[in-house]
K.L.:
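Just dropping this structure here.
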Amino acid sequence: MARTPARSSSPAPSDPTSSPTARPAYVLGGNRVPFARAGGPYAHASNQDLLTAALDGLAARYGLQDEVIGQVAAGAVLKHSRDFNLTREVVLGSALSSRTPAVDLQEACATGVETVLLLANKIRLGQLESGIAGGVDSASDAPIAVSEGLRRVLLDLSRARTVGQRAAVLARLRPKDLTPNPPRVDEPRTGLSMGEHQALTTVEWGITREAQDELALASHRNLAAAWESGFFDDLVTGYRGLARDANLRTDTSLEKLAGLRTTFGNHLAAPATMTAGNSTPLTDGASTVLLGSAQWAADHGLTPLAAVVDAEVAAVDFVHGEDGLLMAPAYAAPRLLARHGLTLDDLDYVEIHEAFASTVLAILAAWESETFGRERLGLPGAFGSVKRERLNVHGSSLAAGHPFAATGGRIVASTAKELHARHVAQVAAGDDSPVRALVTVCAAGGLGVAVLLEAA
Amino acid sequence: MTGPLRTVELPTVPPLGDSYRHALTAAAAGAVSRRVGRAGRGGATTTLPDVTLSAHGVQADAERLTAYQHLVGEPGTDVLPAGFVHVLAFPVATALMVRDDFPLPLLGLVHVANRVEQRRPLRLGQELDVRSWATGLRAHRSGTQVDLVSEVAADGVTAWRGVSTYLAKGVRLAGSAGPASEPGSVPASADDDGAGAGEATDRQPFEPPVPTATWRLPADTGRRYAAVSGDVNPIHLWAPAARAFGFHGAIAHGMFTAARALATVGAVRGESFTWSVDFAAPVVLPTTVAVRVARRDPATDTSNGIDTSTGTGTGTGHDLTVWDPRRRRPHLTGSVVPLPTA
């Protein structure tokens, strides 16, 4: 991997700029709507509706009405073709100034975290003073496409010039062409759903049902505690009568989780372990993250919460079974930390997106594996271990739900707030050492992103 | 290896539909006499046409290439996929198989193996010369096998070579003994309950590997591949037609399954490679099959491609396996192995 000389000679690991030519970009806050289960209170809300609700909540919380923001970057995974300019349309319907530029971006489940990186990098380079990153997905309001046969007929019909040509084109229509195509959640190259892919990975890494259920339970308990303590009070704006994440089960238990039927991997040689309880449900929701330079924050009376220090992307060859579909973060994070001379022990928080409980556990297992460290990561041995009390401390996608493109914004905003709070507490106790978090998000297509955040 | 010296130039590439119509007529006319011939153990003739069929100036059609690429999952480049070259050459080979002096009936032939050597890439717009001949007529446990060899050249240089092995089930060569255990027993037709190659009993029992993919193959899979390949053999089109030939339903073209597996290997296969497949149980449509396309394990490297005796190093290339996940039996096994650079 090519690195600029300026980058590779990057000095102090605690320097959040990480490059002499760049200035820091800060997370200043965030706002999302409570995440709903598909078919729930947001069933008839569009991506545009949901993202506008999250954005207007952010504008209200940070006094951005009529403000020209440098750029809004957002995206959706399940996207209607009419939403070719989704984010700009959202901005035009929001409280922000209509002169705020916008861009759409898409990277499957890593869409949200990638919008944060895009804007943070622009701020670091001086191209922007402020930005709002975001993401939205509605599994309820998903686009449905016409069949390939009907699509071809319609396209050819629009090009036909004579009545005879039109008749000939229409004559090609068959009854089955009228069956619509709902969106596929299968990997296009393998035909396997994400759950079936993860089931293979679960077997490969020997992840047990008990370990998955325990992680799911921790996710629900941590998220419930965060809601109880008011942690989300300045991170979430209620919408359509929903005030809390609807997927959260405060009353769940290991017994209840253990009683669920398995949903993925039921046809493999090894016993199935993945259930609806230790997998994320289809979810509707939207999130936003406010980013800015130190100057812009000061000008607006806002407190920087955390710097977006650096990021690394990775991809794996799942098509030929060399790695599991969702294992790319296992590669991205070690490269990211190595660039800063950090190890897992230097991190105060580790956020690993819970696509499935076994996704998190397989990544942790890979990092603890001597063989994986040597043969795949090129390290002398295992990459390291994550202390569980530092992992997904306020719950993650298993409890909150996972509206694909909205997950990155949820994690970044929550983590930045937690980093800042911890740093303030440490400083009050006379300790000014850096407080850092690693965020990883896996995505369809064998993609993965790792982000390093540091408390401001 | 080259074909017979006597070459017959085809003025145009014969449409496959005509060949199948010819074959159907011949099958109807010959049904009685052939049955008599077999029962009388006189057997089919023992010689192959001593001729190489040749077609010049064959060109790929861009529209059809696109449709083929979309169907089997190849990227839409101007390079002709190895399976598409097979499609271009297939009418010439078929023209040989419908000749009166070809000893086996076209309809009912089971495609049991296919070996392709892609020596250099062929592109859209190139004028191709196709030569086809038959060789290796031989007795098999459950009938008679034959190899149809095709070579495709551009600018006088052979760039692609394919060997398709077919089995005529129950057809006995004159003078050759039937299976010792059950002399004279003649399976009526291909049997989709057993391995098509009829050699499953000689092999180790099939252990399904860890899948890397699953393919949902709808009922019209055969009709869709027929539309892009021109191979309108009725066993692939409609269940009733397939049943008439002894299958439980319409079956996927072997070359469709093989081409999709080749496409799954992707660009890592390089520009020159061997692509070898053995077809086992037919894929009865509609169905869902399990697939593994993965880099071959150096420990179990038993290269079986053409000319791999020259050695391509261990651990290079990919193994292909397509199987029925419920009955745990293989549909296709094979490999894609880089050709040693000349």
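Treat the numbers as computed from the prediction; the structure is a model and nothing was measured. Per chain, numbering begins at 1; letters A, B, ... match sequence-line order.
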K.L.:
Using the test side chain to side chain donor-acceptor pair (under 3.5 Å), find all partners of T407(A) that sit at least two apart in sequence or belong to another chain.
P.N.:
H402(A)

K.L.:
Non-hydrogen atoms of chain B under 4.5 Å away: do they reach the side chain of L200(A), the backbone, both or neither?
P.N.:
side chain

K.L.:
Testing the 3.5 Å rule here: is there a donor-acceptor pair between the side chains of H197(A) and T190(A)?
P.N.:
yes

K.L.:
Specify which of T288(B), V268(B), T264(B), V210(B) makes the most heavy-atom pairs with chain A at under 4.5 Å.
P.N.:
T264(B)

K.L.:
Given a strict heavy-atom distance threshold of 4.5 Å, which part of P208(B) is in contact with chain A: side chain, backbone, both, or neither?
P.N.:
neither

K.L.:
Checking V291(B) against chain A: side chain, backbone, both or neither under 4.5 Å from a heavy atom?
P.N.:
neither

K.L.:
Quick check: does any side chain N or O of W367(A) sit under 3.5 Å from a backbone N or O of A330(A), one acting as donor and the other as acceptor?
P.N.:
yes

K.L.:
Using a 6.0 Å distance limit plus a 45 degree cone around the ring axis, check whether R260(B) lies over the aromatic ring of W215(B).
P.N.:
yes

K.L.:
With E148(A), which residues qualify under salt bridge (Lys or Arg N to Asp or Glu O under 4.0 Å), at least two apart?
P.N.:
R151(A), R152(A)

K.L.:
What residues of residues 227-242 of chain B sit under 4.5 Å from chain A when only non-hydrogen atoms are counted?
P.N.:
none

K.L.:
Would you check if the distance from the ring center of Y331(A) to the ring center of F372(A) is below 6.0 Å?
P.N.:
yes

K.L.:
Need one label for E322(A): side chain, backbone, both or neither, based on atoms under 4.5 Å from any heavy atom in chain B.
P.N.:
side chain

K.L.:
Once side chain to side chain donor-acceptor pair (under 3.5 Å) is applied, do any residues pair with T440(A), and if so which ones, sequence neighbours excluded?
P.N.:
none

K.L.:
Quick one about Q106(A) and T111(A) (side-chain donor to acceptor, distance below 3.5 Å, no hydrogens or angles considered), yes or no?
P.N.:
no

